[in-house]
Structures are given as structure tokens and as C-alpha cells.
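What's counted below: heavy atoms across the whole structure, side chains too, no hydrogens, waters or symmetry copies.
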There are 2 protein chains.
Amino acid sequence: MRFGDHIRNVRETLRKGDKKYSLRQVAIRVGVEPAYLSKIERNVFPPPSEEVIGKLSAELGEDRDVLLAMAGKLSGDLQQVILERPRLFADLIRQMKEAPDQAILRVVREVRDGNW
Amino acid sequence: MRFGDHIRNVRETLRKGDKKYSLRQVAIRVGVEPAYLSKIERNVFPPPSEEVIGKLSAELGEDRDVLLAMAGKLSGDLQQVILERPRLFADLIRQMKEAPDQAILRVVREVRDGNW
DNA sequence: TATAGTGTGTAGTACATTATACACACAATG
DNA sequence: CATTGTGTGTATAATGTACTACACACTATA
């Protein structure tokens, strides 16, 4: 599914329970022109900037990284982490490319629990 | 050190052993205007595109990911890997942010050796 | 039925990115 | 000493990114 379709789906779903989720009102709360959001939702315009996607994710209760991914963008803070140790993280990510979800989850947990 | 300085250093070093590494000749082999490479090396222009950096890294025998990092860019193929499973990789990277190099290396080796 | 709210069409803008083209002065080489 | 090669200055451009402004027709509400 495209970025715009997803935003529209989520917003329309929220709207059923709360009239505050009209395109116009969401646009204003997020800080963009309603016409702009309209075009984004219909995929007439490409997804907006990272900043706007961030506000949109907060507003709609969606995962920021997932929305960014649907927009083909990678969060700036994650990029920063990688760019500080490029060789290490390049290896890590390329190694994890083929790994099953389970394996990645296990690594995350192990590192979080301090097993290193 | 800035991107341009590094490129100039590496190129000038190579040049001492081989006259083929003049700015002009490298530029031509890489496929850009010499004047452009000149500006890049003096940081008059920002670093070039990922594509040009790729060719430059091959030409100068430098690590592609490191050069890209110096340019503030993240390799497109790495982005792809992350964007396919954004939640998983976002967690992984944020978890690894504070981890010492050793820990990351260990994980890379363990996964490579199939210990999962 | 006036008014307020809704989504959208058309048009235009500001800025960044990623370069090219050409001319020039200087150095090296045959 | 003419030619070839060198790095650089100035000017320009094509494309992409990320929007705004405004008018319009339709719908719901009071």
C-alpha cells in the first residue's frame, strides 16, 4: 500500500469515532495546507518531509519509523547512528539482511539485557 | 576531516606513485568535469552524489560506506534493507547506538557463523 | 436557507541538489 | 619554445523537494 492510501485509511477510521479527524483539521494541526494533505492522501504529491511525517504519526497514533518507511525515508536519527560508525553498522545491517525476524529480535533483547 | 580534504589527501598520496592520479585524470575516469572535482576537493561544492562517490571509492581504493558517511550519506542498499523491516531494524540500531564496537563485532560474527 | 465546514483543482514559489561549459593562468615536457 | 597537461574561477542549468495561496463546488448544520 502507498503512503497516501494508508494515511487516508487511518484518518478516515479515526474520523468515524471523532469528527476532529477531517482532512482539514488534521492538516491544520499538523501544520500544512489542507490542499497539500489532500494531494498527499491521493498520491498526487509524494510523501511530505520527515518533519511533517513525524507530526502526522503523532497525530494519527502511527509508528513513526513505519510511516517513514512507507514514504521511502529513513529517520535522520537512525542515519546519524549509522554514519558515526559506518563500517561497523554497514557490516551489521548487511549481515542482518537475510536473518529471520526472530534472530534480529533475539539480538535486540540480548543486547538490551546486557548480555555482552 | 571534511570529505573534500580526504579525497584530495588520498588522491595526492596515490599520485606520488602514479601520475595517473592527477585531478583531471581521476575526474575523467570517474566521469565528472575536472572543475567539479576541483571544487569538491576544496569543499567549495558539497560532496557529489552517491553514484559518483561510489566510483570515486573504487578509483581511490577507499571504503565506499566510509566515504559516503563522510559525505553525510547512507548507502541506498543499506537503506533498502532497513526500510523493508523498519520496526525491527529501528529497534536494532537504536539498541546498538550505545553498544561498544566489540559488542557489535561479536553480533556480526555470531550471526555470520549461524549461531542463531 | 444562510453559514460553516469539507475536499480538491490550478497555479506558482523557494530552495537544495547535482552537476556542466568555457576560459584562464601556470607548469611540465618534448 | 611550442605543446600538452594542470588546477581553478565564473557563469549557468536541469531536476527534485517541499511546499503555499486561492478559488471552487459540494455537504452538513443551525
Side-chain angles (χ1 to χ4, degrees), chain A residues 2-57 59-60 67-76 79 83, chain B residues 2-57 59-60 67-76 79 83:
Chain A
R2 310 278 293 280
F3 180 82
D5 303 324
H6 182 66
I7 296 295
R8 174 145 294 189
N9 286 344
V10 171
R11 189 181 55 72
E12 289 294 344
T13 300
L14 286 170
R15 193 188 196 182
K16 280 168 190 160
D18 192 338
K19 64 188 182 309
K20 286 163 46 83
Y21 289 95
S22 74
L23 183 150
R24 271 177 119 90
Q25 296 197 34
V26 168
I28 287 162
R29 285 200 298 279
V30 162
V32 298
E33 282 286 311
Y36 184 43
L37 182 55
S38 169
K39 278 155 223 156
I40 288 168
E41 289 194 352
R42 289 172 295 129
N43 303 300
V44 172
F45 274 12
S49 65
E50 179 175 347
E51 192 190 339
V52 171
I53 292 175
K55 291 178 185 173
L56 222 34
S57 71
E59 184 61 35
L60 303 180
L67 280 194
L68 284 169
M70 296 188 81
K73 293 176 199 281
L74 181 59
S75 180
Q79 290 197 40
L83 296 187
Chain B
R2 311 279 294 279
F3 180 82
D5 304 324
H6 181 66
I7 297 295
R8 173 145 295 188
N9 286 343
V10 171
R11 188 182 57 72
E12 288 295 343
T13 301
L14 286 170
R15 192 188 196 181
K16 281 168 190 160
D18 192 337
K19 61 189 182 314
K20 286 161 46 82
Y21 289 94
S22 74
L23 183 150
R24 272 177 117 89
Q25 296 196 33
V26 168
I28 286 161
R29 286 199 296 278
V30 162
V32 297
E33 282 286 311
Y36 184 43
L37 182 55
S38 169
K39 277 156 225 158
I40 288 167
E41 289 194 352
R42 287 172 296 129
N43 304 301
V44 171
F45 274 11
S49 65
E50 179 175 346
E51 192 191 339
V52 171
I53 292 175
K55 291 179 185 171
L56 221 35
S57 72
E59 184 61 34
L60 302 180
L67 281 194
L68 283 170
M70 298 189 79
K73 292 176 200 280
L74 180 59
S75 181
Q79 290 199 40
L83 296 187

Exercise. When we call it a touch if two heavy atoms are under 4.0 Å apart, what does B:V52 touch: a base, just sugar-phosphate, or nothing?
Worked result: sugar-phosphate
Exercise. Between B:N43 (CG) and D:dT8 (P), how many Å, whole number?
Worked result: 12 Å
Exercise. Hey, can you pull the residues of residues 30-42 of chain A with a non-hydrogen atom under 4.0 angstrom from DNA chain C?
Worked result: A:P34, A:A35, A:S38, A:K39, A:R42
Problem set entry | Phosphate contact (D:dC19 OP1 or OP2) by A:S49 side-chain N/O below 4.0 Å | yes
For this session: Please check the phosphate of D:dT6 (OP1 and OP2 only) for any side-chain N or O of B:R11 closer than 4.0 Å.
Result: no
Seminar exercise, completed: Taken to the nearest whole Å, CD1/A:I28 to P/D:dA21 is 12 Å
For this session: Please confirm whether any donor atom in the side chain of B:R24 sits under 3.5 Å from an acceptor in the base of D:dG5, or the reverse.
Result: no
For this session: Report the distance from atom CZ of B:R8 to atom P of D:dT6, rounded to the nearest whole Å.
Result: 13 Å
Problem set entry | Nearest-Å distance for atom pair NZ/P, residues A:K55 and D:dA18 | 14 Å
Exercise. So do B:L67 and B:H6 actually touch side chain to side chain, heavy atoms under 4.5 Å?
Worked result: yes
Exercise. Expressed in angstrom and rounded to an integer, what is the separation of A:E50 atom CD from C:dA16 atom P?
Worked result: 17 Å
Exercise. Would you call A:Q79 and A:S75 a side-chain contact if the rule is heavy atoms closer than 4.5 Å?
Worked result: no
Exercise. Hey, are A:K73 and A:E50 close enough for a salt bridge, meaning a charged N less than 4.0 Å from a carboxylate O?
Worked result: no
Problem set entry | A:E12 atom CD, neighbour heavy-atom count above 12 within 6.0 Å | yes
Problem set entry | For atom CD of B:E12 and atom P of D:dT6, their distance in whole Å | 12 Å
Exercise. Does B:L74 reach the side chain of B:L68, with side-chain heavy atoms less than 4.5 Å apart?
Worked result: no
Exercise. Starting at CD of B:Q25 and ending at P of D:dG5, how long is that distance when rounded to a whole Å?
Worked result: 8 Å
For this session: To the nearest 0.5 angstrom, please state how far the CG atom of A:L14 sits from the NZ atom of A:K19.
Result: 14.0 Å
For this session: With B:R8 as the cation and B:F3 as the aromatic partner, state whether NZ or CZ is under 6.0 Å from the six-membered ring centre and within 45° of the axis.
Result: no
For this session: Would you mind reporting whether B:R29 and B:K20 have side-chain heavy atoms less than 4.5 Å apart?
Result: yes
Exercise. Can you check whether A:V32 reaches A:P48 side chain to side chain, under 4.5 Å on heavy atoms?
Worked result: no
For this session: Extract the stems that DNA chain C is part of, considering only consecutive pairing runs of at least three Watson-Crick or G-U wobble pairs, both distances under 3.5 Å.
Result: C:1-30 with D:1-30
Exercise. If only side-chain N and O atoms of A:R15 are considered, is one of them under 4.0 Å from the OP1 or OP2 phosphate oxygen of C:dG5?
Worked result: no
Seminar exercise, completed: Atom CZ of B:F45 and atom P of C:dA21 are separated, to the nearest Å, by 14 Å
